[in-house]
Amino acid sequence: MFYSGYGYRGSNFEQTYRCYPASFFDKPHLEGGDKVIMPPSALDRLASLHIEYPMLFELHNGATDRISHCGVLEFVAEEGMIIMPYWMMQNMLLQEGDIVRVKNATLPKGTYVKLQPHTTDFLDISNPKAILEKTLRNFSCLTTGDSIMVAYNNKQYYIDIVEAKPASAVSIIETDCEVDFAPPLDYKEPEKPQRPIVPASKAPAEDQEAVVEDEPKFKPFTGSGKRLDGKGPKQQAPEVSSSTAPARSAPSDSNKRASQQTAAPSGASTSTRQKTGKLVFGSSASNKKEAEAQKEPEPPKKEEPKFNAFTGKSYSLKR
């Protein structure tokens, strides 16, 4: 069914209008939401249709094939004209006076929305969640791919709608919707600090290992002890004495062999004078005396001072 002058078809509302920004009609409050102002004839037609409330509409720009969604605030615009927020016209690539097709739509309630700020300045706000919640109260629906504008402290922040569930366009009126944030568009990950490259000449690994090997090793229990009863500690033979003992014993053996060799000719010369079956003690006695004379006298051992226990002075606290 076609109504002349309006272009209404059947039970759905569908009409084309020329769009203009809110600044042309001194209505700056439209910039804080997603609602438009339509002519009174649209209200007459919508009242005769069995549509669901709240009223939601689909906006379509045929020249660029851009689609968005919006709500309606008032029906006071001039016939054939629709007043829109300027940020919405930018999303749809519309200029003043361009034609846009308006159609009623039914959108599901949103359960999840993912947002992405354009700049990191939005995250520097003291409480961005509260500012965003206050701004979204003026919105009736969100469409994936749109960029909404959040005004705060005389500054405008633009945020992209990256994802929406359960559909690409959802209604956010009287619903609990989970909101997630993506990193801002100008966000850069902090660079990891690079370690300075040390030349091989300054820190050779081989020299460091050699220095570690040259360090003296720790030997436990090498100190000396004292006894409380005043007696001296038991002295143990040093390790060096064991090594020197064979050295001292070696010359004595060689001396014995040399004495035996020297005694052998003398014994051979006197064997003619000695009779068989008799023992002669003179030659062996002289060898023993020569061996004792060759032995060096050992130096006397120095006596270490004995430790005397409890020999200190005592003091009294009383004067």
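In this chain, residues are counted from 1 in sequence order.
- From D146, atom CG reaches atom NE2 of H69 across 9.0 Å, with rounding to the nearest 0.5 Å.
- For the atom pair L142 CG and S168 OG, the distance stands at 11.5 Å (nearest 0.5 Å).
- Between the side chain of N61 and the backbone N or O of A63 there is at least one donor-acceptor pair closer than 3.5 Å.
- Hydrophobic clustering, with ILVMFWY side chains joined whenever heavy atoms are under 4.5 angstrom apart, groups I161 together with V150.
- Shown here for P166 and G110, the closest heavy-atom pair between the two residues is CD-CA, 4.1 Å.
- Relative orientation of the F139 and W87 rings is tilted, given thresholds of 30° and 60° on the angle between their planes.
- You'll find the side chain of K103 stays beyond 4.5 Å of the side chain of H60, heavy atoms only.
- I172 contributes atom CD1, which lies 9.0 Å from atom OG1 of T175 (distance to the nearest 0.5 angstrom).
- Atom CG in L30 sits 6.0 Å away from atom CG in L73 (nearest 0.5 Å).
- Within a 6.0 Å sphere centred on CD of E74, heavy atoms belonging to other residues, nucleotides or ligands number more than 12.
- The shortest non-hydrogen separation linking L59 to M88 is CD1-SD, 3.5 Å.
- When hydrophobic clusters are built by joining Ile, Leu, Val, Met, Phe, Trp and Tyr residues whose side-chain heavy atoms come closer than 4.5 Å, directly or via intermediates, I173 is not grouped with V36.
- In terms of modelled atom types and a separation under 3.5 Å, the side chain of N91 and the main chain of S147 share a donor-acceptor contact.
- With a 6.0 Å radius and a threshold of 12 heavy atoms from other residues, nucleotides or ligands, Y158 has its OH atom above the threshold.
- When hydrophobic clusters are built by joining Ile, Leu, Val, Met, Phe, Trp and Tyr residues whose side-chain heavy atoms come closer than 4.5 Å, directly or via intermediates, V113 is grouped together with I131.
- Taking CG of L132 as the reference point, atom CD1 of I148 lies at 6.0 Å (rounded to 0.5 Å).
- Remark: the backbone N or O of G97 is paired with a side-chain donor or acceptor of R18 at under 3.5 angstrom.
- Cluster annotation: F25 is connected to I37 through the hydrophobic network of ILVMFWY side chains, with a link wherever side-chain heavy atoms come within less than 4.5 Å.
- When all heavy atoms are compared, the tightest approach of G71 to L56 is CA-CD2, 4.5 Å.
- E58 places no side-chain N or O within 3.5 Å of a backbone atom of S68 that could act as its donor or acceptor partner.
- A distance-only check finds a donor-acceptor pair linking the side chain of S48 to the backbone of R45 [under 3.5 Å].
- Separation of atoms CD1 (I159) and CG (L185) is listed at 11.0 Å; rounding is to 0.5 Å.
- Contact between V102 and M38 at its shortest, heavy atoms only, is CG1-CE, 4.1 Å.
- Remark: side-chain polar atoms of D34 are paired, donor with acceptor, to backbone N or O of S140 under 3.5 angstrom.
- Looking at E14, its side chain never comes within 3.5 Å of a backbone N or O of R101 through a donor-acceptor pair.
- Within 6.0 Å of CG in D124 there are more than 12 heavy atoms belonging to other residues, nucleotides or ligands.
- Looking at S23, P21, C19 one by one, the single match for side chain to side chain contact (heavy atoms under 4.5 Å, CB included) with E96 turns out to be P21.
- L43 and F13 fall within the same hydrophobic cluster, where Ile, Leu, Val, Met, Phe, Trp and Tyr residues are linked whenever their side-chain heavy atoms come under 4.5 Å apart, directly or through other members.
- Considering every non-hydrogen atom in both P39 and G80, the closest pair reads CG-N, 4.4 Å.
- Counting heavy atoms from C-beta outward, D98 and M92 have side chains that stay 4.5 Å or more apart.
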